[in-house]
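Residue numbers count from 1 along this sequence.
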Amino acid sequence: MSRTFQVDLRGVVDLLSQHLYSSPRVYVRELLQNAVDAVTARGGEASIAIVVADGTLTITDTGIGLSEAQVHELLATIGRSSKRDDLGFARHEFLGQFGIGLLSAFLVADEVRVVTRSATGTPAVAWTGRSDGTYAIEPAERDTIGTTVTLTARPGAEQWLVPETVTDLARLYGSMLPFDVTVNGQAVTGEVPWRADDRSPGHRQADLVGHAQDLLGFTPFDVIELDVPEAGLTGVAYVLPFPANPAEHAGHRVYLKRMLLAESATSLLPDWAFFARCVVDASELRPTASRESLYDDGLLDATREALGDRLRGWLVGLARTSPERLTRFLGVHHLGVKALALHDDEMLRLVEQWWPMETNVGRMTLTEFRARHGMIRYSATTEEFRQLAGVAAAQNLAVINGGYTYDSEIIERLAGVEPGLTVELLEPSTLTTTFSPLGSAEELAARPFLAAAQRSMDKLGCEVVLREFEPASLPVLFLVDRSAAFQSELRATKDKVDELWAGVLSAFEKPADDRPQLVLNFRNPLVRRISALRDEALTALAVEALYGQALLLGYHPIRPADAALLNRSFLGLLDQAVPTEETR
């Protein structure tokens with residue numbers, strides 16, 4: 001024996017309010033949507049009037065109306081859509097798709113009364129639904145074709161039926177509707193800002209800028225008009241005049257058939273286009289069940305790609321027609337363009353030609369750098385650039401700082417798409433190959449000093465090297481190979497963790513083939529004087545002090561052992577400099 005499900009309407013309403021809709025305010029949208037469907041079905045001149053007073057709201061439309069049979073099918077049956085389709089409310093131009101409609105009114109009211117008269121000529125009928133799941137249908141008096149919905153705020157929901165609140169919500173959701181919509185006689189609808197008309201280009205641009213100022217609260221850097229025919233989408237993208245966080249998904253204002261769908265839709269543009277905010281209307285994109293965001297399907301994917309192409313084309317056009325404005329734009333939104341350049345050859349060329357990068361010979365674009373130096377040499381991190389930039393420049397080695405976001409990846413990608421371009425990653429340890437060795441006589445004389453210096457540095461795992469390089473004012477340089485730096489960090493981490501994790505980290509430990517190098521500059525007068533010392537203890541103090549100076553000048557991390565050495569060498573040298581009583 002089959003039985004019929006019993007539906008607890010109060011439970012259904014609670015489910016809608018807590019899990020489907022973000023706020024009870026959507027009841028205004030649902031009432032407007034039902035009215036829009038009704039006037040669309042009837043055609044011709046149409047109007048929708050909302051009246052709010054003393055906690056009661058009525059919304060009246062001049063739409064097609066309902067017969068008593070349609071009232072049973074559309075208002076008193078939850079979840080049935082086939083009859084709705086048969087009655088003509090599922091055609092392409094209608095907004096409603098999910099049969100939830102009037103249920104949202106129970107988010108703010110315990111009773112909803114609908115008085116309607118059908119265009120088919122049947123008598124008017126009144127339907128009264130209650131939140132306990134009961135309803136009543138009775139004959140009613142109504143002179144004109146159309147529908148009036150009345151609801152009174154239930155206790156605790158009065159704020160949602162205040163005239164000012166209803167006016168704001170009606171304007172929010174219905175400002176672009178192609179019908180006259182009023183709240184207590186005040187019009188809430190207006191024109192679509194990007195409508196096609198006889199405005200001059202300057203006038204149209206000014207109107208769109210004003211629209212961004214009024215709606216979004218900023219004056220855009222530029223306005224990009226959008227059109228994706230397959231999605232029935234038109235609108236504008238406003239380029240932000242201030243930097244945006246690329247990690248945050250941009251929110252866009254989306255209308256569906258000129259009814260507001262979402263104020264902060266996050267899936268309309270590609271992730272790299274975080275520098276733009278869109279206001280669009282679409283007729284073919286699908287909403288989610290709550291009608292508060294877009295359904296992610298193949299059409300939305302194609303639309304997102306088409307809008308990305310439009311923004312990409314705007315950037316290319318800006319480079320061609322207004323280089324100064326492009327430079328200003330890149331100064332604000334270079335991260336978005338560089339992110340796109342990792343995947344798009346056209347944007348890669350734009351970055352190469354227009355975005356100035358930091359180098360040790362001044363800021364310049366990759367195009368300018370290549371023209372001057374014939375190749376691209378770069379450091380992988382900003383720390384390495386700070387450590388090596390000055391010394392490399394003194395050796396006539398031009399180096400780009402590749403440590404900023406996406407810069408190293410862009411340089412490597414440029415090498416991959418352009419045959420014949422030489423790209424070299426500057427290794428700290430290879431910089432020593434550009435330094436001059438000492439003459440044979442000087443090297444022989446310096447051997448005792450090097451031996452003493454090496455003994456003082458062995459406990460720190462550092463190799464002492466004596467070379468000649470520019471600038472002569474720099475006495476010492478500390479160079480760490482990347483693999484050696486990794487092994488050093490690994491050993492430091494092992495010393496801090498428990499035995500179990502230390503065992504795990506040991507699996508990654510390898511013998512250090514290249515120890516860090518402490519390169520002493522023999523062209524520096526101070527280093528020459530230190531190398532002439534015959535007191536091994538004093539030599540050790542001097543070399544330890546130079547080691548500490550090299551760490552500080554090169555922005556290297558200071559380990560506890562390094563800090564202790566710095567302190568010891570400083571006090572030791574101070575003790576040597578200040579004579580004791582016996583010495584005096």
P163 side chain near V183 side chain, heavy-atom distance below 4.5 Å: no

Residue that, paired with T147, satisfies side chain to side chain contact (heavy atoms under 4.5 Å, CB included) out of D61, V39, T60: D61

Salt bridge (charged side-chain N to carboxylate O under 4.0 Å, His left out) assessment of E418 paired with R370: CA-CA 12 Å; E418 186 163 335; R370 293 175 57 190; 2.2 Å; yes

Test side-chain contact (heavy atoms from CB on, under 4.5 Å) applied to V337 and V351, step by step: CA-CA 7 Å; V337 179; V351 170; 3.8 Å; yes

Pair D345 + R413: basic N to acidic O under 4.0 Å: yes

Where P178 and R258 come nearest, the two heavy atoms and their spacing: CB-NH1, 3.6 Å

Test item: L268 and R304 side chains (from C-beta on) under 4.5 Å apart, heavy atoms: no

Residue pair L311 / A237: nearest heavy atoms and the distance that separates them: CD2-CB, 4.1 Å

Non-neighbouring partners of E111 that pass side-chain contact (heavy atoms from CB on, under 4.5 Å), sequence neighbours left out: T128, R130

Pairs touching residues 266-321 that satisfy ring pair (Phe, Tyr, Trp, His ring centres under 6.0 Å), sequence neighbours left out: F275-F329, F275-H333, W314-F329

Check: T167 and V188 side chains under 4.5 Å, non-hydrogen atoms: yes

Geometric cation-pi criterion R325 and F221, 6.0 Å radius, 45° cone: yes

Residues in side-chain contact (heavy atoms from CB on, under 4.5 Å) contact with D227, at least two apart in sequence or another chain: P229, T234

Qualifying ring pair (Phe, Tyr, Trp, His ring centres under 6.0 Å) pairs with a residue from residues 139-180, counting only residues at least two apart or across chains: none

Pair R349 + E346, salt bridge at N-O below 4.0 Å: no

side-chain contact (heavy atoms from CB on, under 4.5 Å) partners for H203, two or more places apart: R199, S200, D207

Closest non-hydrogen atom pair between S283 and K257, with its separation: O-NZ, 3.4 Å

Electrostatic pair E225-R310, nearest N-O below 4.0 angstrom: no

Partners passing side-chain contact (heavy atoms from CB on, under 4.5 Å) against V115 (at least two apart in sequence or in another chain): R113, A126, A140, R142

Donor-acceptor side-chain pairing of Q213 and T219 below 3.5 angstrom: yes

Student check: side-chain heavy atoms of H211 and V279 closer than 4.5 Å: yes

Heavy-atom check, side chain of L348 versus side chain of V417, under 4.5 Å: yes

Nearest heavy atoms of E263 and L172, plus distance in Å: OE1-CD1, 3.6 Å

